Protein chains: 2
Amino acid sequence: MPDDTLSHDLTPYFSMFVEVGIINQIGSAFLEARLPKGLLVSHFGVTSHLSRGFDGATPLELARAFQVAKTTMTHTLGGLEKHGFVELRPNPDDGRSKRVWLTPAGREFRDDAVRQLEPLFQKIAERFPPDQVSAFLPGVSEFRAVIDQLRDEEK
Amino acid sequence: MPDDTLSHDLTPYFSMFVEVGIINQIGSAFLEARLPKGLLVSHFGVTSHLSRGFDGATPLELARAFQVAKTTMTHTLGGLEKHGFVELRPNPDDGRSKRVWLTPAGREFRDDAVRQLEPLFQKIAERFPPDQVSAFLPGVSEFRAVIDQLRDEEK
DNA sequence: TGTTTATAGTGCGATATCGTACTAAATGGA
DNA sequence: TCCATTTAGTACGATATCGCACTATAAACA
């Protein structure tokens, strides 16, 4: 009997998803409390993603990156546009599509938010140093990559 | 200069929260796709929590456990009650409060959902074995505990 | 004991997110 | 080239979540 037909103890997956759910809630609350009124984690997430080498991404690419419905991304981008943080221009490669570009104001919004978080992260660092996070981060990333792949396969 | 005044590289925290956000989205989608129509991750989360030794918790305790607003928990419990999955009874120890009790139907809903997830988790196990999750899970839990504590201290 | 303050739960309005359905453009095949 | 199918984005309605305000009860305390 080959290894991969052995039954596994699946409880670690349950525990992992539970922990992740709580960390996500806490992290979102931390961030949102430090954003200007009316701006949300989703807005920060998009500007941050664009600023990290994905400027000019399409709305659909952004929706996939964050694993949200494309209608949700339309809504989020609308908010960012209203604040002047992104510009949507036609996609020259595809008439159905658009490309999202970060404005200077958008970059500033993102950088400000990062700065606002730093004191909190310093506090975390006193109790849970960053290299301890670095120790398990590759594993967590790999896990994310695997389930990301599986999700795509589920169509 | 003592260690804890040294400046740290905080990027692992950012990366961690980003990964956690995506894992949470994917995990929620996985679960929700396997729940009966009209029932959500929040409903599963509460029944699962109750069944794991917290039966009789108060709504506020549940809101804190999941880090959601107490009005959100009121809403979630309303849905569970409508489906007959929980019962809310007065809290004999506190006239302002209630206690939430899982019904047999609620326990079955939870167990069914777990069963529906098993094939998927087996698939994950083929590509990312559970003991690899177990390897970093304690670190992740500890991280969660630390930020949980910090959140409480933020008032 | 009476009064002030804090806490548990809910009603309500605002909005973020999602699923469905639609339009327009691209793609693939006859 | 024409038509069927797929894909990108959006409009719309449903609902999950949140913040604020309110009521009832408990706790603190003069």
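Small disclaimer: the values here were computed from a predicted structure and weren't measured. Every chain is numbered from 1 and lettered A, B, ... according to where its sequence line falls, protein lines coming before strand lines.
Contact annotation: A/Thr71 side-chain N/O to D/dT10 OP1/OP2 distance is not under 4.0 Å. Taking only side-chain nitrogens and oxygens, B/His75 comes nearer than 4.0 Å to OP1 or OP2 of D/dA16. Contact annotation: B/Thr74 does not reach the phosphate of C/dG11 (side-chain N/O to OP1 or OP2, under 4.0 Å). For the pair B/Ser97 and C/dG9, the criterion of a side-chain N or O lying under 4.0 Å from OP1 or OP2 is met. Close to D/dT17, at under 4.0 Å from its OP1 or OP2, lies a side-chain N or O of B/Thr76.
Taking atom CG of residue B/Asn91 and atom P of nucleotide D/dA24, one finds them 19 Å apart after rounding to whole Å.
Using a 4.0 Å heavy-atom distance criterion, B/Asp94 is classed as a sugar-phosphate-only contact. Within the 4.0 angstrom heavy-atom criterion, only backbone atoms of the sugar-phosphate kind lie near B/Gln25; the bases stay farther away.
The residue from B/Phe128, B/Phe30, B/Phe121 that alone fulfils the ring-ring contact (aromatic ring centres under 6.0 Å, His included) condition with A/Tyr13 is B/Phe121.
B/Lys98 contributes no side-chain N or O that forms a donor-acceptor pair with the base of C/dG9 under 3.5 Å.
Here CZ of A/Arg52 is found 11.5 Å from CG of A/Leu50. Values are rounded to the nearest 0.5 Å.
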Pair A/Arg89-A/Glu87, salt bridge (Lys or Arg N to Asp or Glu O under 4.0 Å): steps then yes or no: CA-CA 6 Å; A/Arg89 299 191 220 132; A/Glu87 270 179 44; 3.3 Å; yes

